[in-house]
Amino acid sequence: MLDIQLLRTHLTDVAARLAGRKYVLDTAAFEALEAERKRLQTRTQELQAQRNALSKQVGMLKGKGEDASAVLAQVAGLGDELKVSEAALAELLPRFDAFVSVIPNLPHESVPVGHDEAGNVEVLRWGSPRAFDFAVQDHVDVGAALGLDFETAAKISGARFSLLKGPMARLHRALAQFMLDVHTNEHGYTELYAPYLVNADSMFGTGQLPKFEEDLFKVPRADGTCLYLIPTAEVPVTNIVRDEILAADAVPLKFVCHTPCFRSEAGSYGRDTRGMIRQHQFDKVELVQVVKPEDSWAALEQLTGHAEAILQKLELPYRKVALCTGDMGFSAAKTYDLEVWLPAQNAYREISSCSNFEAFQARRMQARFRNEKNKPELVHTLNGSGLAVGRTLVAVLENFQNADGSVGIPVALRPYLGGIDTLIPAP
RNA sequence: GGAGGGGUGGCAGAGUGGUCGAAUGUACCUGACUCGAAAUCAGGCGAUGUCGCAAGGCAUCCGUGGGUUCGAAUCCCACCCCCUCCGCCA
């Protein structure tokens, strides 16, 4: 959520900056809502103040045993207008909130301006794509002989699910374990195990609700409420600090959490239908940081570096891309995507997304810390994939495939696979 | 699922219709004492919103949502959450 004071004082500036990310801010609608809010709120508070003063008089008179009927008659006259005014305000405020809560974050000044992914800017490339002396297969074909099974998953659940057996399941587990160990042992993150079902308040806090409900799996309950399956560990982990005032020395917080992620992928029916690039369920190791405002931009570089370290240790060529204004997510002030080289697609594909949300999520969550003046101040939040496990498995299969159908194991990963250096299809 | 207890400020914990946004303790901040620290003493110290150039004023907030009342932390209704015990259970 944006700072409402900023909207009031710099409305046209805000609208101009949001236009860069394809969001049309209806400034006339905002001004109308704001004018009405101001009128109703000041009038309501004025009437409440009168009522309170008169009621206090009643109390004092009765305390002294005197007659209060004159004051009671006076206060009775206020009642109707106060009720009307309170009701009108109660009707308006949710509409005001609804308007503000669907406005995306402002892009940081360093974010390249652009309309779509074509406007993204490559920051760096690491590693060189391997030269193959045989026809490369994609991960579906490489994985088929190693236990990657989409047909059975489709029977069990439907499209966009995968079933991993034997070596594939083991490799998947090894990747997640490896990532967790690196982030906890080398990067200083605290490992978490977190709920996979969260309430609507949590989804609002990180920005998935109210605007993106169709992307979520919703689980109704008998009592009429519902829970949501997390689309990323960002949601439960970041919401740890919702409605908290942290001590100054409690930040920064650095958490790493391995969870499955559930996305309905509404609106992407035709994309990446083959293989496990785009699934309804996938595992991810997520990095989350909660920091003081002055530290968040350094933290974004640091966190992105932590995700890059995984790719480097796994010897996977990748590039780092700064997303442009038109391609960023709703809550982000700036995002780096890490894209891994997939030889079968002859392209770099997203495997991590690292963002600084500044105070956007913190304001929705009311997540604060005590600053030097001992006053509550909004924290800044960041997160990034470190990495998406399923897509990492895809990358290993494609980049380390051999002509005979076997798949090499990156050296760093071998301890997690009992020391073997190659996955060999069963005869 | 059954029975009971409880949700009040950063934390602990009083408060059962009228200057109660709320005693007290603790934490924290400032000052005094001290070579310095601890201890002690004195003072300060909730959040959000709103109006205002400011000083400051006002409003709202005692789990959540309704209700009663001139007035609700306090009374009524519904719901949520937590704790203890029993049952069931990975």
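Note on naming: letters A, B, ... go to the chains in the order of the sequence lines (proteins, then strands), and numbering restarts at 1 for each one.
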- What orientation do A:F178 and A:Y416 show, parallel under 30°, tilted 30 to 60°, or perpendicular over 60°? perpendicular
Notebook entry, point to check: Stepwise, does the salt bridge (Lys or Arg N to Asp or Glu O under 4.0 Å) test hold for A:E294 with A:K292?
Noted result: CA-CA 6 Å; A:E294 63 267 30; A:K292 293 179 184 175; 5.4 Å; no
Taken to the nearest whole Å, NZ/A:K56 to C1'/B:G71 is 11 Å
Worksheet item: For atom P, what is the distance between B:C58 and B:G21, given to the nearest Å?
Response: 12 Å
Going by atom types alone, do A:E86 and A:Q48 pair a side-chain donor with an acceptor below 3.5 Å?
-> yes
Separation of B:U19 atom P from A:L61 atom CG, nearest Å, is 14 Å
Ring geometry between A:H187 and A:Y189 (parallel below 30°, tilted from 30 to 60°, perpendicular above 60°): perpendicular
Between B:G18 and B:G71 - P atom distance, rounded Å: 14 Å
Whichever of A:L54 and A:K375 has the more 5' nearest nucleotide on RNA chain B, that residue is A:K375
Provide the distance between the two C1' atoms, one in B:C41 and one in B:C51, to the nearest whole Å. 41 Å
Pairwise P distance, B:C29 and B:A37 [rounded to whole Å]
13 Å
5' to 3', nucleotides 48-64 of chain B under a 4.0 Å protein heavy-atom cut-off (B base, S sugar-phosphate only, - none) gives SBSS------BSS----
In Watson-Crick or G-U wobble terms, with both distances under 3.5 Å, the base opposite B:C89 is none
Answer for the Watson-Crick or wobble partner of B:C33, both distances under 3.5 Å, is none
| If we take the C1' atom in both B:U8 and B:G13, what is their distance in whole Å? | 9 Å
From NZ of A:K83 across to C1' of B:G71 the rounded distance in Å is 13 Å
- Report the C-alpha distance between A:E398 and A:R349 in whole Å, list the side-chain angles of each, state the deciding distance to 0.1 Å, and finish with yes or no for salt bridge (Lys or Arg N to Asp or Glu O under 4.0 Å). CA-CA 12 Å; A:E398 294 201 3; A:R349 293 299 307 267; over 6 Å; no
In Watson-Crick or G-U wobble terms, with both distances under 3.5 Å, the base opposite B:C28 is B:G44
query: Using atom P of each nucleotide, how far apart are B:G15 and B:U74 to the nearest Å?
result: 15 Å
Can you label the angle between the A:F217 ring and the A:F262 ring as parallel, tilted or perpendicular, going by 30° and 60°? perpendicular
Mate of B:G21 across any strand shown (Watson-Crick or G-U wobble, both atom pairs under 3.5 Å) is none
A:M60 atom CE is separated from B:C70 atom C1', nearest whole Å, by 14 Å
Answer for the Watson-Crick or wobble partner of B:C58, both distances under 3.5 Å, is B:G49
A:N371 atom CG is separated from B:G10 atom C1', nearest whole Å, by 14 Å
Inspect the contact between A:E265 and A:R263 and indicate whether a charged nitrogen and a carboxylate oxygen are less than 4.0 angstrom apart.
no
Whole-angstrom distance between B:C89 and B:G2, as gauged at atom C1': 16 Å
Self-check item: Nearest-angstrom distance, C1' atom, B:C79 to B:U84
Solution: 22 Å
Quick one: does NZ or CZ of A:R364 land under 6.0 Å from the six-membered ring centre of A:F204, within 45 degrees of the ring axis?
yes
